[in-house]
Amino acid sequence: MKTAVVLYTSDLRVHDHPPLRAALAACDRVVPLFVRDRAVERAGFAVPNRLAFLADCLADLDASLRGRGGRLVLRSGEVVDEVCAVVREAGAGEVHLAAGVSGYAQARERRLREALRSQGCALHAHDAVVTAVAPGALLPGGRGSDHFAVFTPYLRRWSALPPRPVAGAPRAVRVPEDIGSEEPPRRSRVTGTSPGLAPGGEGEARRLLTRWLRSGIARYEDAHDDLAADATSRLSPHLHFGTLSPVEAAERARTAGGPGAEAFVRQLCWRDFHHQVLAARPAAAARDYRARHDRWRTGRAAEEEVLAWKEGRTGYPVVDAAMRQLRHEGWMHNRGRLLAASFLAKTLYADWRTGARHFLDLLVDGDLANNQLNWQWMAGTGTDTRPNRVLNPVRQGLRYDPDGRYVHRWVPELAGLAAPRVHEPWRLPAAERARYDYPAPVVDLSEAQARFQEARRHP
DNA sequence: TTTCGTTTCGT
DNA sequence: CGAAACGAA
């Protein structure tokens with residue numbers, strides 16, 4: 001009787017799950033294991049929004065496994081210790097998991113492999129579980145480089161790759177009976193979550209994907225940047241927790257076809273792109289990918305401005321709308337992320353890490369690779385070789401929220417003010433402006449622009 | 001085969 | 001500015 005452990009991390013599903021399939025193919029019994037990792041808590045990544053979403057995911061995964069005759073085993077502690085303990089209890093000869101990209105995930109895999117070897121247990125890390133294409137599977141032509149630094153050539157190669165076949169969910173999962181498990185966490189017990197937080201779980205992910213492909217994706221190409229249209233897939237939390245397989249999402253989108261599908265698959269490729277950058281440069285999670293020698297503003301004034309940004313009261317309506325959506329939903333429209341990030345890093349000229357951290361504190365899809373590298377892209381320290389792009393929040397508002405509906409939704413103080421004026425309320429005559437209980441701009445745009453250009457001129 | 005210079009282009 | 005591709009050497 002052979003037994004395997006499947007360590008779940010960011011892959012909380014039963015469909016299209018190579019580690020689970022491999023374990024079932026090789027062994028009679030499998031222990032599906034999730035460890036609430038103390039190291040994740042120590043790093044401050046176990047935030048309410050994601051803990052609540054995670055609770056849904058674990059409950060759903062447990063239910064799916066029970067429907068197949070198994071169950072999910074839940075532990076908490078140091079991940080290596082807990083896996084080793086379960087391996088011992090189950091007499092397992094192999095452990096399967098999805099390969100991860102972050103420095104932490106890479107170290108975890110290394111430490112796990114070492115610890116298990118001394119117990120005579122093998123570790124199998126599976127590619128193309130967290131991403132559609134494994135980091136390092138595609139490399140640029142010229143020698144020396146271990147990753148792509150430009151998206152377009154990466155997309156070309158990524159698109160030409162034959163996709164890994166999508167694996168179905170297993171019919172049966174036989175789990176040894178004497179392996180103890182903790183109670184799964186309850187979503188309702190998590191405090192401090194965003195009121196409009198989306199539900200988690202693989203079932204929800206699959207319903208969302210089906211609905212998206214049937215009725216949402218068709219207008220994605222035209223409307224994905226329209227803040228009020230809210231025409232994005234909202235699949236990001238499911239991709240982050242792995243309740244949805246990126247391989248399956250891409251495959252089913254390609255089958256659905258059309259320009260919307262192509263634009264959506266392109267976003268899945270962006271996700272892989274950022275993962276392969278982080279896998280090759282794990283330090284980029286906390287340090288400039290390209291040093292631009294920025295002297296980010298510090299001190300009292302800057303801190304106050306950053307606080308106004310976090311609280312959605314910068315006086316720039318579309319920025320504030322985006323920041324309030326983040327607080328309320330634990331999610332933000334992608335266009336909102338871009339303009340909010342540009343505002344912090346370029347207009348306020350505050351350290352991108354401060355903004356990235358705030359996003360990770362609230363985003364239900366808060367993903368190290370996507371979040372940190374998109375922030376770096378916007379801050380001009382990322383892979384982009386043209387570091388001086390600044391998004392003007394007024395122009396962004398006029399362009400991506402032309403009728404002001406997004407601002408009206410999230411900044412109700414301005415609900416009575418029509419576009420285009422809603423994007424620059426400070427230009428209202430003083431008497432009229434006083435009717436709206438809305439702050440004046442924290443900084444002047446042209447002053448901010450000059451300050452930024454000046455700082456970049458003198459490294 | 002490998003290295004180097006040139007051209008193109010970048011969410 | 002600098003990555004990537006490509007063709008010349």
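Excluded from the calculations below are hydrogen atoms, water molecules and symmetry mates; all remaining heavy atoms, backbone and side chain alike, are included. Quick note on labels: first sequence line is chain A, next is B, and so on, each numbered from 1. Quick caveat, the model's predicted, so the values are computed rather than measured.
Protein chain A contacts DNA chain C over a range whose 5' and 3' limits, counting nucleotides with an atom under 4.0 angstrom from a non-hydrogen atom, are C/dC1 to C/dA5.
Judged by distance alone, the side chains of A/His240 and A/Asp367 do bring a donor and an acceptor atom under 3.5 Å apart. Side-chain contact annotation: A/His15 with A/Glu248, donor-acceptor N/O pair under 3.5 Å absent. Side chains of A/Tyr438 and A/Asp320: a donor-acceptor N/O pair is present below 3.5 angstrom, by distance only.
Looking at DNA chain B, the stems built from 3 or more consecutive Watson-Crick or G-U wobble pairs, each pair with its key distances under 3.5 Å, are B:2-10 with C:1-9.
The stacking criteria are not both satisfied for A/Phe151 over the base of B/dT11, which would need a centre-to-centre distance under 5.5 angstrom and an angle between ring planes under 30 degrees.
In this structure, the salt bridge (charged side-chain N to carboxylate O under 4.0 Å, His left out) partners of A/Arg297, at least two apart in sequence or on a different chain, are A/Glu305.
Checked options A/Trp158, A/Trp377, A/Phe273; the residue passing with A/Phe151 is A/Phe273 (criterion: ring pair (Phe, Tyr, Trp, His ring centres under 6.0 Å)).
Atom C1' of nucleotide B/dT11 and atom CD of A/Glu221 are separated by 13 Å, given to the nearest angstrom. Across the protein-nucleic acid pair, A/Arg386 atom CZ and B/dT11 atom C1' stand 10 Å apart, rounded to whole Å. Note: CZ (A/Arg266) to C1' (B/dT11) measures 6 Å, nearest angstrom. The nearest whole Å value for the distance from the CZ atom in A/Arg156 to the C1' atom in B/dT8 is 11 Å. One can place CZ of A/Phe148 at 13 Å from P of B/dT11, the figure rounded to the nearest angstrom. A/Arg389 has its CZ atom 11 Å from the C1' atom of B/dC9, to the nearest Å. Following rounding to the nearest Å, A/His224 (NE2) and B/dT11 (P) show an atom-to-atom distance of 13 Å.
A ring-centre distance under 6.0 Å is found for A/Phe53 and A/His238. For an aromatic pair to be called close, the ring centres must be under 6.0 Å apart, and A/His17 with A/Tyr8 satisfies this.
Contacts of A/Asn374 with the nucleic acid, taken as non-hydrogen atoms under 4.0 Å apart, include base atoms.
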Point to revise | Step-by-step ring-ring contact (aromatic ring centres under 6.0 Å, His included) determination, A/Trp426 to A/Tyr316 | key: CA-CA 9 Å; A/Trp426 56 89; A/Tyr316 289 92; 5.1 Å; yes
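A cation-pi arrangement is present between A/Arg234 and A/Trp331 under the rule of less than 6.0 angstrom and at most 45 degrees off the ring axis.
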